[in-house]
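Working notes, structure below.
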Amino acid sequence: MNIMVIGGGGREHAIIKKLKENPAVETVWALPGNGGIARDAVCVPVGAKDLDGIVEFAKTHPVDYAVVAPDDPLVLGAVDRLTEAGIPCFGPDSRAAIIEGSKVFSKNLMKKYGIPTADYRVFSDPQEALYYITKKSEYPIVIKADGLALGKGVLIAQDESEARAAVTSIMVDKAFGASGNQIVVEEFLTGPEVSVLAFTDGETVKPMVSSMDHKRAADGDTGLNTGGMGTVAPNPCYTEHDAKICMEKIFLPTIKAMKKEGRTFKGCLYFGLMMTPKGPRVIEYNCRFGDPETQVVLPLLDTDLLTIMQAVTEERLAGVDIRWKNESACCVIMASDGYPGKYQKGFEVTVDKGWEDCICYAGVSADGDKILTSGGRVLGVVRTAPTLKEAVKEAYRASEHVHFQNAYTRSDIGARALNYLEREKR
Ligand code: AMP
Ligand code: GLY
């Protein structure tokens with residue numbers, strides 16, 4: 001089997017490592033991959049959004065299967081184009097990827113099908129939005145750009161002036177371009193957040209182990225929102241009881257709703273959940289594997305990933321038994337100091353002998369044999385262990401064996417989850 005993986009971050013590195021555990025996998029091409037992924041795959045300089053380039057590569061190489069990992073190419077229709085070209089693919093087509101591509105679509109879908117989520121209103125006029133927010137006068141209030149915004153399109157306003165600034169930034173100044181033509185204004189919810197990724201072939205849905213992201217840049221969940229500074233799995237705030245309720249009220253209803261809308265979703269559907277005092281609510285859907293969630297979820301998978309992916313493509317997921325290791329995993333992101341704001345790059349990354357295996361490379365480039373930092377989130381250090389406490393300790397221990405100038409890590413990845421476990425014990 002020769003496989004093509006679209007994308008070039010830590011998530012893609014985690015997917016590639018897992019696919020390579022199958023001895024039938026010969027060549028993996030990464031488009032574009034990165035300087036660290038190059039140690040595990042053949043990187044091809046075709047951008048993830050260059051659909052023409054991707055299809056051309058697939059047609060001129062013996063590609064047996066393609067995995068489209070990032071949101072942009074999915075929303076743009078990479079799976080549609082590859083399927084047309086006769087390449088079997090993992091990922092939703094563009095009609096289904098809209099579940100992430102448009103928050104207005106996903107909120108309206110949840111409302112129509114009674115899937116629990118925060119109350120909301122949609123606006124395409126900034127004045128009307130501000131009139132509504134001011135009249136309601138309940139803070140904090142959540143303001144979301146409709147379209148893709150590199151994970152930065154959600155603003156939480158603590159008062160009227162912050163709300164005014166948020167609406168102006170998204171709708172008038174177009175901080176996220178056309179993604180801000182419409183906004184969703186929604187109720188502020190509270191409770192622990194849980195990410196659940198699920199395999200689905202449009203009919204059957206099989207959730208993976210739950211995980212917890214750490215989105216804020218600094219310790220104690222303070223500072224700016226980032227793509228994610230670390231993850232743990234499973235998420236102790238998500239009980240078996242929660243899983244049962246979510247399956248009944250959220251996962252299956254979502255899959256059925258998409259099918260009914262003529263937008264059958266096949267691939268990995270990401271449920272961003274909040275466990276509120278009133279029960280689980282959907283905060284967001286993503287049409288893809290999460291990053292860095294994937295870096296902790298896939299190492300716990302005890303079934304061949306390619307087998308599952310192909311079953312999704314061929315709509316026979318019901319017949320696949322998916323097993324998970326009875327362990328925990330922790331990923332600590334090592335970032336360039338300053339991220340998500342300005343940062344310096346171009347520093348050499350070195351790893352002590354024997355510690356390479358725990359790394360998923362994200363923002364790096366290659367310079368001959370050297371690996372240089374080239375992005376905000378440089379890499380993820382991932383370890384699994386019998387308990388969460390050990391996994392966290394091991395991930396931090398491993399991170400001490402990775403070196404680059406300007407490295408920044410949060411020091412409390414997993415702390416909240418461990419506190420939760422401690423409290424539960426008492
Ligand atoms: P999203 O990109 O939609 O996941 O939003 C980013 C983050 O904003 C989420 O992980 C939450 O922490 C927060 N958030 C989004 N919507 C809400 C909400 N309705 N209430 C409280 N926090 C929210
Ligand atoms: N870690 C959040 C995401 O992938 O969107």
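Start at 1 and go down the list; that is how both ligands and their atoms are numbered. This one's a predicted model, so the numbers in the text were calculated from it and none came from an experiment. What's counted below: heavy atoms across the whole structure, side chains too, no hydrogens, waters or symmetry copies.
- If you look at Asn286 next to ligand 2, the close heavy atoms, those under 4.0 Å, all belong to the side chain.
- Of the heavy atoms in Arg11, none comes closer than 4.0 Å to ligand 2.
- In this structure, atom 21 (C) of ligand 1 lies nearest to the protein heavy atom Leu189 O, 3.2 Å.
- Residue contact check: Lys215 has heavy atoms under 4.0 Å from atoms 4 (O), 10 (O) of ligand 1.
- No heavy atom of Gly228 sits closer than 4.0 Å to any atom of ligand 2.
- Within the cation-pi definition used here (under 6.0 Å to the ring centroid, within 45° of the axis), Lys345 does not qualify as a partner of Tyr339.
- Among protein heavy atoms, the minimum distance from atom 19 (N) of ligand 1 is reached at Glu186 OE2, 2.7 Å.
- A side-chain donor-acceptor contact under 3.5 Å links Asn108 and Tyr120.
- Under a 4.0 Å criterion applied to the non-hydrogen atoms of Asp213, ligand 2 contributes the atoms 1 (N), 2 (C).
- Annotation for ligand 2: atoms under 4.0 Å from non-hydrogen atoms of Gly227 are 1 (N).
- Checked by atom type, the side-chain pair Thr254/Tyr285 shows a donor-acceptor distance below 3.5 Å.
- Donor-acceptor pairing under 3.5 Å is recorded for the side chains of Asp242 and Thr239.
- In this model, a donor atom of one side chain and an acceptor atom of the other lie less than 3.5 Å apart for Ser94 and Asp80.
- Taken from CG in Leu19 to CD1 in Ile3, the straight-line distance is 5.0 Å, to the nearest 0.5 Å.
- Near Tyr270, with a cut-off below 4.0 Å to any heavy atom, the atoms of ligand 2 are 2 (C).
- Contact between Phe289 and ligand 2 is absent, with no heavy atom of the residue lying under 4.0 Å from the ligand.
- If you look at Tyr132 and Phe123, their ring centroids are closer than 6.0 Å.
- Atom 13 (C) of ligand 1 has its closest protein heavy atom at Ile156 CD1, 3.9 Å.
- With respect to atom 17 (C) of ligand 1, the closest heavy atom belonging to the protein is Ile283 CD1, 3.7 Å.
- Protein heavy atom at the shortest distance from atom 5 (O) of ligand 1 is Val154 CG2, 3.4 Å.
- Of all the atoms in ligand 2, the ones that sit under 4.0 Å from a non-hydrogen atom of Glu293 are 1 (N), 2 (C), 4 (O).
- Within the 4.0 Å heavy-atom cutoff, Lys103 counts among the residues contacting ligand 1.
- Heavy-atom distances between Ser195 and ligand 2 stay at or above 4.0 Å for every pair.
- The two residues Cys330 and Val296 come nearest to each other via the heavy atoms C-CG1, 3.5 Å.
- For atom 16 (N) of ligand 1, the nearest non-hydrogen atom of the protein is Lys144 NZ, 3.1 Å.
- The one candidate from Lys256, Lys266, Lys259 that meets the salt bridge (charged side-chain N to carboxylate O under 4.0 Å, His left out) condition with Glu203 is Lys259.
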Practice item. Would you sort out whether Tyr270 and Glu293 count as a side-chain hydrogen bond (donor to acceptor under 3.5 Å, both in side chains), showing the intermediate values? Key: CA-CA 10 Å; Tyr270 170 128; Glu293 284 89 340; 2.7 Å; yes

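- Every atom of ligand 2 with a heavy atom of Gly290 under 4.0 Å away is listed here by number and element: 4 (O).
- The shortest separation from a heavy atom of Arg288 to ligand 2 is under 4.0 Å, placing the residue in contact.
- Aromatic ring pairs are classed by plane angle as parallel below 30°, tilted from 30° to 60° and perpendicular above 60°; the pair Phe251 and Phe271 is tilted.
- Looking from atom 9 (C) of ligand 1 to the surrounding protein, the closest heavy atom is Glu193 OE1, 3.5 Å.
- Below 30°, between 30° and 60°, or above 60°: for Phe289 and Phe199 the angle between ring planes is above 60°, a perpendicular geometry.
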